[in-house]
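The structure appears right after this line, and notes come after that.
Order of the sequence lines fixes the chain letters, A, B, ..., with proteins taken first and strands second; residue numbering starts at 1 for each chain.
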Amino acid sequence: MIFRAAKTINRNANRFHPHHVNNPQSKTASSNLHKRRKVIPFVAELKQLQDPKQALSLFNDYTQRSFKHHYPSYAALLYKLARSRSFHDVETVLDRMQRSNTHCKESLFIALFQHFGKSNLPEKATELFHRMNKFNCSRTLQSFNAILNVLVDCDRFEEAHDVFLRSRDMGFRPNTVSFNVMIKGLLGKGEFGKACNVFDEMLQRKVQPSVVTYNSLIGFLCRKGDLDNAMALLEDMNKKKKYANAVTYAHLMEGLCYMEKFDEAKKLLFDMAYRGCKPRLVNFSVLMNDLGRRGRIEEAKSVLHEMKKRRIKPDVVVYNILINYLCKEGRAAEAYKMLVEMQIGGCEPNAVTYRIMVGGLCKVGDYELGLSILNAMLISGHCLRRETFSCLVVGLLSSGNVDGACFVLEEMKKRSVELDMESWETIVKCACGEDKGVSELITELASLSI
DNA sequence: GCCTCTTCTC
């Protein structure tokens, strides 16, 4: 049954957007064909694989055929496994790489820290950081800062602080970036005063604050609506010849929007150019977001046209803002048109786009299109959240598409995503209310043993 | 091929 469902959905996915589904594959195929002779056979073959589970066995196949794996092999495999969050396999491969004494780059470790961090596994990242000297690899301040940042982003400020204090023992001297991360951590906890103390400490220790340092502080003040102090910091920056960049202005514009001063924010967009700072995407998206928030979607769309007129190519975030507010207003069909439009314009949707779109379609009851979007999302290798799956499962069942619902459940099972209690309740109620395929469904659920 | 900090979307 599931197989049948999967086939139907695949067909739908191709209809959804052939350009999107087929292109990445054909592109890699042709480029690999082009450089096949130069590329390491294992890496070339690895890139063709859809399923990350096959990656490790391919690696083993090559090992058995007495193929000697070098750094490019390990790196490509680790990236692939980390991207699909197969962290158990990541560990296995790391062990082998360590034993083989392969000379490896620090960037690989930094990328892995970030993958661990994104999956909220900071302890895995710290463990690897401490283990780095066992690899044939140099560990610099950059790794140190990367680990600090992962800890702060995972809400482990105290641990980050401990690591920061032990920097000297580890042979590192904190630089601007290290301090910026600590300031970000404090601001994240609402500790503006302590963040200012760290700022002063930087000056004492002769570590120069950068635009980023100022942006963090200005951003905090703007979110609080304290524009006066934010402007004072802007003055201070200028005095120290640290010039405001597009992000600085984006914060100020956001602060103005927050204070219901949209026109002033818009004026600042024009003023910043006079002050020698070219407006960037983020400045436009701040305006679009505020317009969308107030339900003025047509005006938000006109900002998009303004950007195009200025030859600034909208990115995925800009489209996400529009798609999000269209969905919120129950205009999922228009949101879908926007999604197609962005792809035609050469902008690939990301995980957020898909989540918003599936949610918006569920809201208006178009579960069939929601399902094909979900499938496109799976094919493009994006991770999704429980809520996205849940609303679709419940919706498909309530509209009588048992095959579709089972397909989604199967995909959840593959990814070890569990349905929430509330959704289960709805499903059971739905199943008991009608007789349509109930026994079939129960069998399916039992076999999945979620 | 993914390489440290600020930024708008869920």
Side-chain angles (χ1 to χ4, degrees), chain A residues 28 31 39 43 46-47 71-72 75-76 78-80 82-83 104-115 117-118 129 137-153 160 172 174-185 187-188 202 207 209-220 222-223 242 244-254 257 280-290 292-293 300 303 314-328 342 349-360 382 384-385 387-388:
Chain A
T28 29
S31 62
V39 171
V43 178
L46 180 74
K47 285 186 178 169
Y71 176 69
L78 284 166
Y79 284 134
K80 183 146 202 133
R83 206 176 107 78
C104 40
K105 290 188 196 167
E106 187 180 25
S107 56
L108 172 64
F109 289 90
I110 293 172
L112 289 176
F113 296 161
Q114 288 171 338
H115 279 293
K118 263 191 244 157
F129 175 69
C137 168
S138 59
R139 193 178 75 170
T140 72
L141 185 59
Q142 203 166 330
S143 292
F144 176 82
N145 288 337
I147 209 73
L148 276 187
N149 192 50
V150 165
L151 288 171
V152 164
D153 283 347
F172 297 122
N175 64 2
T176 306
V177 174
S178 327
F179 278 98
N180 288 348
V181 173
M182 298 318 285
I183 288 176
K184 176 176 74 169
L187 292 173
M202 285 178 85
V207 178
S210 63
V211 189
V212 176
T213 322
Y214 281 101
N215 285 350
S216 296
L217 295 167
I218 289 175
F220 180 88
C222 288
R223 277 189 292 275
K242 297 277 181 256
N245 63 15
V247 176
T248 322
Y249 286 106
H251 280 137
L252 294 168
M253 288 171 66
E254 224 181 353
C257 289
R280 289 181 43 181
L281 276 163
V282 64
N283 305 100
F284 291 92
S285 55
V286 166
L287 293 183
M288 286 175 82
N289 196 40
D290 192 60
R293 188 178 58 84
V303 176
D315 71 346
V316 65
V317 177
V318 168
Y319 282 110
N320 285 352
I321 292 169
L322 285 171
I323 291 173
N324 181 36
Y325 287 112
L326 283 168
C327 285
K328 276 208 172 130
M342 76 186 266
N350 63 13
V352 178
T353 323
Y354 288 116
R355 276 184 221 134
I356 298 169
M357 198 61 240
V358 174
H382 285 105
L384 40 167
R385 291 183 185 169
E387 309 89 82
T388 311

Among B:dC8, B:dT6, B:dC10, the one nearest any side-chain atom of A:Asn215 is B:dT6
query = With no hydrogens and no angle check, do the side chains of A:Ser143 and A:Thr140 hold a donor and an acceptor under 3.5 Å apart?
reply = no
When rounded to whole Å, the CG to P distance for the pair A:Asp315 and B:dT7 reads 15 Å
Are OP1 or OP2 of B:dC5 and a side-chain N or O of A:Lys184 less than 4.0 angstrom apart?
no
Separation of B:dT9 atom C1' from A:Met357 atom CE, nearest Å, is 14 Å
Contacts of A:Asp315 meeting salt bridge (Lys or Arg N to Asp or Glu O under 4.0 Å) (sequence neighbours excluded), chain-then-number -> none
Here the distance between atom P of B:dC8 and atom CG of A:Leu252, to the nearest Å, is 13 Å
*asked:* Do A:Phe144 and A:Phe129 make a side-chain contact, defined as non-hydrogen atoms from C-beta onward lying under 4.5 Å apart?
replied: yes
Rounded to whole Å, CZ of A:Arg223 lies from P of B:dC8 at a distance of 7 Å
When rounded to whole Å, the CZ to C1' distance for the pair A:Phe284 and B:dT9 reads 17 Å
A:Ser216 has its side chain closest, among B:dC8, B:dT6, B:dC5, to B:dT6
A:Asp153 atom CG is separated from B:dT6 atom P, nearest whole Å, by 7 Å
- Going by distance alone, is a donor N or O of one side chain under 3.5 Å from an acceptor N or O of the other, for A:Glu106 and A:Ser138? no
Which donor-acceptor pairs under 3.5 Å do the side chains of residues 247-254 of chain A make with protein atoms, sequence neighbours left out?
from: A:Thr248; atom 1: OG1; to: A:Asn215; atom 2: OD1; distance (Å): 2.6
from: A:Thr248; atom 1: OG1; to: A:Asn245; atom 2: N; distance (Å): 2.9
from: A:Thr248; atom 1: OG1; to: A:Asn245; atom 2: O; distance (Å): 3.3
from: A:Thr248; atom 1: OG1; to: A:Asn245; atom 2: OD1; distance (Å): 3.0
from: A:His251; atom 1: ND1; to: A:Asn215; atom 2: O; distance (Å): 3.4
from: A:His251; atom 1: ND1; to: A:Val247; atom 2: O; distance (Å): 3.4

Under 3.5 Å, is there a donor-acceptor pair between the A:Asn145 and A:Asn175 side chains?
-> yes
Can you find a side chain N or O atom of A:Asn289 that sits less than 4.0 Å from OP1 or OP2 on B:dC8?
no
- Query: A:Val317 versus A:Leu281: any side-chain heavy-atom pair under 4.5 Å?
  - Reply: no
Taken to the nearest whole Å, CE/A:Met288 to C1'/B:dC8 is 10 Å
Considering only nitrogen or oxygen atoms on both sides, find all protein atoms under 3.5 Å from nucleotides 2-4 of chain B and state each distance.
from: B:dT4; atom 1: O2; to: A:Asn145; atom 2: ND2; distance (Å): 2.4

Of the candidates B:dC8, B:dC5, B:dC10, the side chain of A:Ser210 sits closest to B:dC5
